[in-house]
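A note on names: the letters A, B, ... follow the listed sequences, proteins ahead of strands, and every chain is numbered from 1.
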Amino acid sequence: MLRFYNTLTRQIENFAPQRDEVRIYTCGPTVYDYAHIGNLRTYVFEDILIRLLKYKGYKIKRVMNITDVGHLTSNEDIGEDKIIVGAKREKKTPWEIAEYYTKAFKDDIKELNILEPDVWAKATEHIKEMIELIRILEKKGFTYRTSEGIYFDISKLSRYGRLSRLKLEGQIPGIRVKVSREKRNPSDFALWKFASPSHIMQWDSPWGRGFPGWHIECSAISRKYLGDVFDIHCGGVDHIPVHHTNEIAQLEGATGKVPARFWMHGEFLLVEGGRMGKSEGNAWTLRDIKKRGFKPLALRYFYLTAHYRAKLNFTWKALESFQRTLEKLWGEVSTYGEPEAVDSSYKEKFLQEMEEDLNTPRALAVVWKLVRDSQLRDGQKRTLLLDFDKVLGLGLEKIGGEEIPQEIRNLLEERNKAREAKDFFKADTLREEIKKRGWRVEDTPEGVRVKKIYKDIEE
RNA sequence: GGCGGCAUAGCCAAGAGGUAAGGCAGAGGACUGCAAAUCCUUUAUUCCCCGGUUCGAAUCCGGGUGCCGCCUCCA
């Protein structure tokens with residue numbers, strides 16, 4: 001039985017899809033810069049969710065948006081469009097920036113072994129749907145006009161804020177951001193913003209030329225592809241109070257229904273015990289990870305060592321230790337030979353952990369228990385690990401089964417002769433030579449063994 | 001000012017009121033020409049501190065202390 005924590009109810013609930021497929025919406029990137037390891041953690045969490053559902057035999061329809069327009073750098077009009085900031089920085093057009101970073105994002109998730117969504121939805125290709133949705137809200141009386149744009153009046157929706165459970169009364173409006181005088185309620189948010197002629201990205205609308213507000217794209221896109229009520233909506237915890245709260249408001253206003261039954265949120269990644277951010281200078285990207293000699297999948301493994309709803313503290317030391325762990329696992333699998341039939345007890349344990357709200361740390365503990373189990377034959381271990389890896393995505397299917405190339409065999413032969421002749425200098429030289437060609441020589445009590453070195457497995 | 005979370009070995013972390021998962025690192029041993037790998041063994045009498053509830057608490061309650069986050073865009 002699949003059980004997931006639902007932010008809407010703050011409880012772990014039994015999960016079953018409404019239809020013959022699971023419909024999922026996952027908030028995607030704003031493509032004005034490279035994704036950092038905090039972003040990436042959330043996408044890996046979502047990937048584990050998707051893989052588990054697939055493993056359980058469900059068909060999936062998953063949509064991810066690409067925000068290639070519109071989000072301002074601040075909540076009020078003083079800010080600039082992030083895409084445009086990126087464009088100025090790199091002296092490119094907003095469209096070039098969006099295209100470049102969309103590609104970079106797709107490259108990143110591929111390297112992390114993250115499955116692609118079924119639908120990629122660019123915000124700029126759904127302006128029409130957004131306008132339609134705003135018109136519905138307008139007809140139902142949820143909107144009003146200010147000099148800056150069309151706003152959503154949260155006081156018209158009695159259950160506004162049910163997801164975040166924030167007490168609006170207790171908050172001090174404007175403590176961090178100035179509240180526009182024209183807004184009726186401090187938490188009212190823009191659906192459509194009017195653009196000055198110099199604003200590069202703008203479109204026609206019934207209210208004049210402008211660009212969409214910050215939350216409308218997800219509502220319009222999810223509704224278009226997944227319907228009024230779908231199964232799961234995912235994102236980072238930071239989206240709970242504002243973005244997802246407003247997504248719900250927009251669709252609840254338009255359809256009368258909360259758009260998703262389950263809302264699942266990935267916790268933040270900390271760096272060296274503290275906040276990660278661009279201004280802190282520690283918002284590492286996958287590029288940084290690779291530059292320091294780490295494999296993308298080591299990062300993936302690292303993410304899996306903590307529960308997705310717990311903060312995880314990134315340190316280079318920890319990444320190093322789990323890269324070693326992953327290499328060890330690869331090394332184990334590489335010696336296992338052909339898969340053999342095995343009973344299902346380990347599989348049951350593994351699934352038990354995964355099905356209870358995606359407990360990857362415990363699932364990994366099952367993996368290591370199995371690896372160390374002297375009762376199991378190697379082929380059985382291979383069968384189990386390859387099976388589990390459909391969910392974990394640690395690249396195990398690429399490991400092992402390689403034929404030892406003839407040239408390596410020849411070198412080994414030569415080395416053995418040298419060793420017999422006690423010519424250890426030559427033997428060591430040959431061992432180095434073999435290593436350079438990607439194989440590690442091990443002299444065990446049972447004889448000489450070579451293992452392939454998986455240095456560049458994901459490159 | 002309001003709301004919330006966390007505190008478990010050197011590091012990253014699981015922990016279901018019933019006697020501390022897992023990985024890395026460390027220590028000892030086996031094996032070895034060396035190296036690596038591997039295999040065994042070992043590493044928290046105790047879970048930030050102080051009280052309380054209970055036969056029993058890392059887990060529940062109260063009070064401290066420290067750290068982190070949200071109330072702006074942010075995964």
Under the side chain to side chain donor-acceptor pair (under 3.5 Å) test, residues paired with Lys349(A) that sit two or more places apart: none
Ring pair (Phe, Tyr, Trp, His ring centres under 6.0 Å): pairs with one or both residues in residues 345-387 of chain A, sequence neighbours excluded: Phe350(A)-Phe388(A)
Stem list, RNA chain B (Watson-Crick or G-U pairing under 3.5 Å, at least 3 consecutive pairs): B:1-7 with B:65-71, B:10-12 with B:22-24, B:26-30 with B:38-42, B:48-52 with B:60-64
For Asp423(A), all residues meeting side chain to side chain donor-acceptor pair (under 3.5 Å), sequence neighbours excluded: none
Strand-adjacent residues in residues 421-429 of chain A, judged by heavy atoms under 4.0 Å from RNA chain B: Phe424(A), Asp428(A)
Which residues share a side chain to side chain donor-acceptor pair (under 3.5 Å) with Arg287(A), sequence neighbours left out: none
OP1 or OP2 of rC34(B) under 4.0 Å from side-chain N/O of Arg431(A): no
Under the salt bridge (Lys or Arg N to Asp or Glu O under 4.0 Å) test, residues paired with Lys417(A) that sit two or more places apart: none
Which residues share a side-chain contact (heavy atoms from CB on, under 4.5 Å) with Asn6(A), sequence neighbours left out: Leu8(A), Thr9(A), Glu13(A), Phe262(A), Trp263(A)
Which atom pairs link the protein and nucleotides 12-15 of chain B when you take only N or O atoms and keep those under 3.5 Å?
unit_1: rC12(B); atom_1: OP1; unit_2: Asn313(A); atom_2: ND2; d: 3.0
unit_1: rC12(B); atom_1: O3'; unit_2: Asn313(A); atom_2: O; d: 3.2
unit_1: rA13(B); atom_1: OP1; unit_2: Asn313(A); atom_2: N; d: 2.1
unit_1: rA13(B); atom_1: O2'; unit_2: Thr305(A); atom_2: O; d: 2.8
unit_1: rA14(B); atom_1: OP1; unit_2: His307(A); atom_2: N; d: 3.0
unit_1: rA14(B); atom_1: O2'; unit_2: Arg362(A); atom_2: NE; d: 3.1
unit_1: rG15(B); atom_1: OP1; unit_2: Asn359(A); atom_2: ND2; d: 2.9

First of Ser374(A) and Glu320(A) reached from the 5' end of RNA chain B, by closest nucleotide: Glu320(A)
Just distance, no hydrogens or angles: give the donor-acceptor pairs under 3.5 Å from side chains in residues 42-49 of chain A, sequence neighbours left out.
unit_1: Asp47(A); atom_1: OD1; unit_2: Leu115(A); atom_2: N; d: 2.8
unit_1: Asp47(A); atom_1: OD2; unit_2: Arg51(A); atom_2: NE; d: 2.8
unit_1: Asp47(A); atom_1: OD2; unit_2: Arg300(A); atom_2: NH1; d: 2.9
unit_1: Asp47(A); atom_1: OD2; unit_2: Arg300(A); atom_2: NH2; d: 2.9

With sequence neighbours excluded, residues passing side-chain contact (heavy atoms from CB on, under 4.5 Å) with Asp118(A): Ile60(A), Arg62(A)
Distance test, side-chain N/O of Arg309(A) to OP1/OP2 of rG5(B), below 4.0 Å: no
Residue pairs, two or more places apart or on separate chains, that pass salt bridge (charged side-chain N to carboxylate O under 4.0 Å, His left out) and touch residues 363-378 of chain A: Glu340(A)-Arg377(A)
